[in-house]
Amino acid sequence: MQKKSFAIIGLGRFGLSVAKTLYDSGYEVVGIDSDPELIQDYAEQLTHTVQADATDELALKDLGIRNFDVVVVAIGQDIQASILTTLMLKELGVRYIVVKAQNERHGKVLYKIGADKVVFPERDMGVRVAHNLISPNILDFIELAQDYSIMEIMAPSFTEGKTLIELNFRARFGVNVMAIKSGNRVNVAPGGEDRIQKGDILVVIGHNDDIKKLEQAS
Ligand code: ATP
């Protein structure tokens, strides 16, 4: 099977990080930016780099942009350019468009005009950092033996709306869920059919590394 191809528009910190990670994972990645210096700087680090203004429809067409499996729009500051580019990519028939949004409103507009996925890296990273900072305070921690503990963790987003059977923590992460806290309620004997909700706290038992993996999974 042929590997997916990606075009990344905007080689700022975010775009470049996406582009390099994909390229280092063995994918075809074309980086597009209006800044000729960036194009030169990263020419060797991606499959190909192209200098172009992404709001120029002809330039996008010439690039054969619709032939890429995924196009990521990582233009941050210039919201108008980001929206215009997304609109044109949609009109040109790009199959899957991912766009970085500056704020919720920007994100709303992007979904309205047909973005398949909108990401908020700064907002999401802020939430992550905050959770990490408060974890030691809000989570109870009982050391059972060296490397084994009972810990309280925020239910990771991928667990939301799923039952314990569906999540299969034991097989996937090697940990057991002992209790689920939902607000003031605590389910101390959760069964397989019990469903995890957004904002729940899980009390899990297992190897510290496995619990960490679960906490960091998304
Ligand atoms: P980051 O936080 O990822 O560093 P940012 O959110 O501050 O970036 P910008 O620096 O505004 O975003 O834009 C990212 C990149 O997109 C820049 O390198 C810029 O040259 C490029 N860019 C902006 N507008 C266009 C455009 N119309 N066509 C092509 N590239 C563009």
Side-chain angles (χ1 to χ4, degrees), residues 3-135 154 156-158 216-218:
K3 274 200 166 181
K4 276 187 177 172
S5 59
F6 297 87
I8 313 297
I9 300 176
L11 297 177
R13 288 160 301 178
F14 174 74
L16 188 66
S17 168
V18 174
K20 273 189 172 171
T21 305
L22 290 167
Y23 182 69
D24 291 344
S25 305
Y27 291 92
E28 181 196 338
V29 182
V30 171
I32 300 159
D33 203 292
S34 50
D35 182 340
E37 258 181 48
L38 292 182
I39 292 309
Q40 211 167 16
D41 287 352
Y42 302 125
E44 305 290 312
Q45 296 177 44
L46 304 174
T47 312
H48 202 49
T49 54
V50 181
Q51 189 205 342
D53 179 351
T55 60
D56 176 352
E57 191 172 2
L58 270 183
L60 289 181
K61 262 192 190 154
D62 285 350
L63 275 164
I65 202 79
R66 60 170 310 204
N67 298 323
F68 290 92
D69 295 303
V70 179
V71 178
V72 179
V73 182
I75 298 171
Q77 306 291 325
D78 190 345
I79 292 184
Q80 196 179 328
S82 152
I83 291 171
L84 203 57
T85 302
T86 306
L87 194 63
M88 280 186 310
L89 293 173
K90 190 74 191 167
E91 280 180 354
L92 289 169
V94 172
R95 280 171 294 232
Y96 196 79
I97 307 169
V98 181
V99 193
K100 169 186 157 169
Q102 283 286 84
N103 53 51
E104 302 285 339
R105 273 192 165 180
H106 182 197
K108 240 185 194 169
V109 174
L110 292 169
Y111 273 126
K112 278 239 160 85
I113 61 174
D116 297 286
K117 189 175 171 68
V118 176
V119 295
F120 303 85
E122 289 90 356
R123 181 198 70 183
D124 292 351
M125 187 48 81
V127 171
R128 265 188 121 94
V129 169
H131 276 156
N132 283 340
L133 289 173
I134 59 178
S135 290
M154 292 290 298
S157 54
F158 77 92
Q216 284 163 2
S218 55

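For reference, positions follow the sequence shown, starting with 1. Reckoned from all heavy atoms, side chains included, excluding hydrogens, waters and symmetry mates. As the structure lists them, so they are numbered: ligands from 1, and atoms in each ligand from 1.
- In the displayed structure, R95 atom CZ is contacted under 6.0 Å by more than 12 heavy atoms of other residues, nucleotides or ligands.
- At the shortest separation from atom 1 (P) of ligand 1 among protein heavy atoms lies R13 N, 3.5 Å.
- Below 3.5 Å of separation, one finds an N or O of Q77 facing an N or O of ligand 1.
- The contact set between ligand 1 and D53, taken as ligand atoms under 4.0 Å from a residue heavy atom, comprises 26 (C), 27 (N), 28 (N).
- Among D33, I79, L84, the residue whose heavy atom lies closest to atom 20 (O) of ligand 1 is D33.
- Where the criterion is an N or O separation shorter than 3.5 Å, residue side chain and backbone included, F14 meets it with respect to ligand 1.
- No N or O atom of G10 sits closer than 3.5 Å to an N or O atom of ligand 1.
- The closest protein non-hydrogen atom to atom 28 (N) of ligand 1 is A54 N, 2.9 Å.
- Polar contact check, G76 against ligand 1: a nitrogen or oxygen pair lies under 3.5 Å apart.
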**Q.** Test side-chain contact (heavy atoms from CB on, under 4.5 Å) applied to L38 and L16, step by step
**A.** CA-CA 10 Å; L38 292 182; L16 188 66; over 6 Å; no
**Q.** Test side-chain contact (heavy atoms from CB on, under 4.5 Å) applied to L110 and S82, step by step
**A.** CA-CA 9 Å; L110 292 169; S82 152; 4.0 Å; yes
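- A donor-acceptor pair is defined here as one N or O able to donate and one able to accept, closer than 3.5 Å; such a pair exists between the side chain of S25 and the backbone of T21.
- Around atom 6 (O) of ligand 1, the closest heavy atom drawn from E37, K100, Q51 belongs to K100.
- With a 4.0 Å heavy-atom cut-off, ligand 1 is reached by the side chain of L38 but not by its N, CA, C or O.
- A donor-acceptor pair under 3.5 Å is absent between the side-chain atoms of Y23 and the main chain of Q45, judged by distance alone.
- Annotation: atom 14 (C) of ligand 1 to nearest protein heavy atom, A74 O, 3.5 Å.
- For A52, the closest heavy-atom approach to ligand 1 falls below 4.0 Å.
- Smallest separation of non-hydrogen atoms from A115 and V99: CB-CG2, 3.8 Å.
- Residues A74 and F14 approach most closely at CB-CD2, 3.8 Å, considering heavy atoms.
- Of all protein heavy atoms, the one lying nearest to atom 23 (C) of ligand 1 is I75 CG2, 3.6 Å.
- At a 3.5 angstrom cut-off on N or O pairs, S34 counts as close to ligand 1.
- The only member of I9, I97, V98 that meets side-chain contact (heavy atoms from CB on, under 4.5 Å) when paired with V72 is V98.
- Residues K61 and E91 are not paired through a salt bridge, judged by the lack of any N-O separation under 4.0 Å between the basic side chain and the carboxylate.
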